[in-house]
Amino acid sequence: MTIKLYNTRTRRKEAFVPLDPENVRMYVCGPTVYDRAHLGNARPVVVFDVLYRLLRHEFGADHVTYVRNFTDVDDKINARAAESGRPIGEITAETTQWFLDDMAALGALEPDAMPRATAYIPQMVAMIEELIARGHAYAAEGHVLFAVESYAEYGALSGRTVEDMIAGARVEVAPYKRNPMDFVLWKPSPADLPGWDSPWGRGRPGWHIECSAMAHELLGESFDIHGGGNDLMFPHHENEIAQSRCAHPEGDFARVWMHNEMLQVEGKKMSKSLGNFFTVRDLLDEYDERFGIENIGPAIRLRLMQSHYRSPVDAALSYVEASATKLAEWWFWTELHRPEPLSEDEKFELINESPFLSALLDDLNTPAAISEIDAKVSQLRVIPENHTNIESYSNDKEKIAKQVLAWIGFLGFDFDGLKQLHPSHWQNRLKSRNLEFNELIENLVKERAEARLEKNFARADKIRDGFIAAGVTIKDSSEGTTWELKPGFDPSKLEALK
RNA sequence: GGUGGGUUGGCGGAGAGGUUACGCACCGGAUUGCAAAUCCGUGAAGACCGGUUCGAUUCCGGUACCCACCUCCA
């Protein structure tokens, strides 16, 4: 079984061969902790979580090291502290915990290491000194800058040349730069901003150096995979490569570069600078409030996986709802055939050699993997006409249900946790929140039943139509009538039926 | 202006040079007093123009349009 991954560096899909199968190493750029994570921030977390699970499956759980950083020194954080009057440490600690909570709600495993930038300042300083010593960086006016002309391959990842970039540059060039594209490794800090002593005076690191320093410290000079959003390709990743390759020329830095496409809202990238974002927490709260769903996280997770990671994905809420419906269906039909809990060995076997796994092996084709689950689930729904032997029929179903269970679990969904997405479950929560209207609804249901017995269908239908307007759905069956509340239930509309 | 990616049925979204993707919605049927729910089933596509080929939605070229990056951003 070979994993194929699209490598931005070579612009090709390649067979993935780790440097050391005993220790497969992956670094993913994490968040700057100054605000709640928006849905766009969640995309790489989910994408690389799936990759992490795939790598663990292929190489063994103990043979994969996944590092994702927290950027806790940044001018946006400083600005947030200044405007709120709160200490920086308080803001970053709070936001870090928010991030972990929200990503856990999405079912993402925690990486093996989650280094904070401020804990690696000495390593950054050492790396900058190395770069100066090797002639790749220079100090000027309290800053230290990387000299892009000293690294011939600068621009290779993003497919640009220094000349092109200068021509298209839209930023003012600082006077102390030798080349307009030179970027900051270290900058001076006034007394009111976070700063650390360094050979160049009290200062703080530039944006890119932290990832280079932390990746080197935790994963070494050469490691397997480096991931992040494609908006980081330039300048962030380009600069990381330049710094790391120049400071440690004997290493390759990252061999495979992976970039996820952006999450969109109405055809535009969701981003904080455009202001068209909503946070993961917003969604979690909204679904709890309107639907009575405790954790819509799995539906968000599925939505993010329903598009290939190198394609854009739209975040409109109706899509999240559709994803929740799909998960509820998966749960319902699998639960109906109630497979025994699977042992680890069984899970492994059910995943190996499956079309489901083949889809994921092919550059993480999650939409194709999902359709494999769909196909299995629809087998669970079908009762073949010629099932003369009910026992063998049930055995078949249980076998299929086991497979579905294994596959769903592999994608990072907690099977039992999907129950709360099923209407039968969230109905109860909605109802319990509207207990005061129970009696009224029950009486109307009873009245309708009597009207039907008397063949007074006009009255019966009037009640039903009124229910529909208010957001109450009624279902008649041989065992009687049941009713359900729809999201957005409006009890005031029931008044007209009295 | 430079660089990269994309355009598939009403919507979401894949694979494969020739055989049903799949899901949702729609429509038809069963069921129901009528509905809802459920079950069964049929339709429906490949931006445009050329080329290669026995045959292309799939490969190649061009055109149009969309998105992203080149400024903090996942």
Side-chain angles (χ1 to χ4, degrees), chain A residues 8 11 28-32 34 37-48 68 71 74-76 79 155 157-161 163-172 181 207 227-238 259-264 267-274 277 302-303 305-314 316 318-319 321-323 325-326 329-330 355 358-359 362 365-378 381-383 385 423 451-453 455-458 460-461 464-465 467-468 472-478 481-484:
Chain A
T8 306
R11 307 204 184 277
V28 174
C29 291
T32 300
Y34 67 104
H38 66 68
L39 207 54
N41 299 117
R43 190 169 192 194
V45 173
V46 170
V47 166
F48 292 103
R68 187 184 64 212
T71 299
D74 182 276
D75 287 348
K76 290 190 290 293
L157 179 74
S158 52
R160 304 146 201 257
T161 65
E163 294 71 38
D164 286 346
M165 288 189 281
I166 292 170
R170 289 180 285 181
V171 247
E172 221 173 301
M181 296 313 295
W207 172 32
N230 73 355
D231 53 350
L232 294 182
M233 202 159 89
F234 187 90
H236 186 54
H237 290 163
E238 199 71 74
H259 293 95
N260 61 273
E261 250 297 347
M262 296 292 102
L263 188 93
Q264 302 192 337
K268 294 278 179 200
K269 169 184 173 181
M270 175 183 279
S271 76
K272 288 189 175 165
S273 39
L274 290 176
F277 69 94
L302 182 67
R303 176 60 194 158
M305 298 193 311
Q306 279 176 290
S307 182
H308 184 91
Y309 76 93
R310 285 189 285 115
S311 298
V313 59
D314 200 293
S318 61
Y319 297 140
E321 269 178 56
S323 301
T325 303
K326 190 190 278 286
E329 289 283 297
W330 286 357
S358 303
D362 183 12
N365 193 337
T366 48
I370 287 164
S371 75
E372 294 296 338
I373 296 178
D374 278 332
K376 283 288 168 204
V377 171
S378 51
R381 319 163 71 124
V382 175
I383 298 170
E385 278 178 25
R452 289 175 72 206
L453 274 179
K455 307 250 186 230
N456 182 359
F457 296 123
D461 290 353
R464 193 191 63 214
D465 293 344
F467 273 157
I468 291 169
V472 181
T473 310
I474 49 173
K475 297 181 183 177
D476 297 327
S477 78
S478 51
T481 299
T482 58
W483 55 276
E484 292 177 353

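Numbered from 1 within each chain, the chains take letters A, B, ... in sequence-line order. Given the structure is predicted, the values throughout are model-derived calculations rather than measurements.
For A:Lys268 and B:C69, the NZ to P distance is 10 Å, given to the nearest whole Å. Atom CG in A:Asp461 sits about 17 Å away from atom P in B:U32, given to the nearest Å. The distance between atom CZ of A:Arg11 and atom P of B:G6, rounded to the nearest whole Å, is 12 Å. B:A74 atom C1' lies 8 Å from atom NZ of A:Lys269, rounded to whole Å. Atom CD1 of A:Ile468 and atom P of B:C34 are 16 Å apart (whole Å). Whole-Å rounding puts the A:His236 NE2 to B:U71 P distance at 15 Å. Distance A:Met165 CE to B:U3 P: 12 Å, rounded to the nearest Å. Whole-Å rounding puts the A:Asn456 CG to B:C34 P distance at 17 Å.
Nucleotides B:G28 and B:U42 have their P atoms positioned 16 Å apart, rounded to a whole Å. Going from the P atom of B:A36 to that of B:G29 covers 13 Å, rounded to whole Å. The separation of B:C69 from B:G43, taken at their C1' atoms, amounts to 43 Å, rounded to a whole angstrom. A distance of about 16 Å separates the P atoms of B:A21 and B:A47, rounded to the whole Å. If you take atom P in B:U57 and the same atom in B:C49, they sit 11 Å apart, rounded to whole Å. Across the P atoms, B:A56 and B:A14 are found 25 Å apart, a figure rounded to whole Å. With both ends at atom C1', the span from B:G61 to B:G2 equals 22 Å, rounded to whole Å. Comparing the P positions of B:C26 and B:U32 gives a spacing of 22 Å, expressed to the nearest Å.
Side-chain atoms of A:Glu238 come within 3.5 Å of backbone N or O of A:Gly155 as a donor-acceptor pair. In terms of modelled atom types and a separation under 3.5 Å, the side chain of A:Ser307 and the main chain of A:Pro312 share a donor-acceptor contact. For the pair A:Arg452 (side chain) and A:Asp461 (backbone), a donor-acceptor distance under 3.5 Å is absent.
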> What is the per-nucleotide protein-contact pattern of nucleotides 8-19 of chain B, from the 5' end, where B denotes a base atom under 4.0 Å from a protein heavy atom, S denotes such proximity for sugar-phosphate atoms only, and - denotes neither?
Replying inline: ---SSSSS----
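Here B:G1 sits opposite B:C70 as a Watson-Crick or G-U wobble pair (both hydrogen-bonding atom distances under 3.5 Å). Pair check for B:A64 finds B:U7; Watson-Crick or G-U wobble, both atom distances under 3.5 Å. Nucleotide B:G12 has B:C22 as its partner under the Watson-Crick or G-U criteria, with both atom distances under 3.5 Å.
In this structure, A:Lys272 reaches neither bases nor backbone, as no heavy-atom distance under 4.0 Å exists between it and the strands shown. Among the atoms of the strands shown, none is found under 4.0 Å from any heavy atom of A:Met233. Among the heavy atoms of the strands lying under 4.0 Å from A:Gly267 are primed sugar atoms or P, OP1, OP2 only; no base atom is included. Using a 4.0 Å heavy-atom distance criterion, A:Gln264 is classed as a sugar-phosphate-only contact. Using a 4.0 Å heavy-atom distance criterion, A:Asn230 is classed as a sugar-phosphate-only contact. Base engagement by A:Gly40 is indicated by at least one non-hydrogen atom pair under 4.0 Å involving a base atom. Within the nucleic acid shown, A:Leu263 comes within 4.0 Å of at least one base atom, counting heavy atoms only. Within the 4.0 angstrom heavy-atom criterion, only backbone atoms of the sugar-phosphate kind lie near A:Asp374; the bases stay farther away. A:Thr473 comes within contact range of the sugar-phosphate backbone alone, with a heavy-atom separation under 4.0 Å but no base atom that close.
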>> Does A:Tyr319 form a side chain to side chain contact (heavy atoms under 4.5 Å, CB included) with A:Gln306? I'd like the steps, not just the answer.
In response: CA-CA 10 Å; A:Tyr319 297 140; A:Gln306 279 176 290; over 6 Å; no
>> As a quick check of understanding, evaluate side chain to side chain contact (heavy atoms under 4.5 Å, CB included) for A:His308 and A:Glu261, giving each step before the final call.
In response: CA-CA 9 Å; A:His308 184 91; A:Glu261 250 297 347; over 6 Å; no
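Relative to the ring axis of A:Phe48, A:Arg68 does not place its NZ or CZ within 45° and under 6.0 Å from the centre.
The salt bridge (charged side-chain N to carboxylate O under 4.0 Å, His left out) check on A:Lys376 picks up nothing, with sequence neighbours excluded. Qualifying side chain to side chain donor-acceptor pair (under 3.5 Å) partners for A:Asp374, counting only residues two or more places apart in sequence or in other chains: A:Lys326, A:Trp330.
Contact of A:Ser273 with B:C72 (side chain to base): a donor-acceptor pair of N or O atoms is detected under 3.5 Å.
Residues A:Leu232 and A:Cys29 have side chains in contact (heavy-atom distance under 4.5 Å, counting atoms from C-beta outward).
In this structure, of B:C34, B:G2, B:A37, it is B:C34 that holds the atom nearest to the side chain of A:Arg452. Comparing B:C72, B:C34, B:G33 against the side chain of A:Lys76 picks out B:C72 as the nearest.
Remark: A:His237 NE2 to A:Leu157 CG distance equals 8.0 Å, nearest 0.5 Å.
Nearest-nucleotide positions on RNA chain B place A:Leu274 closer to the 5' end than the other of A:Ser271 and A:Leu274.
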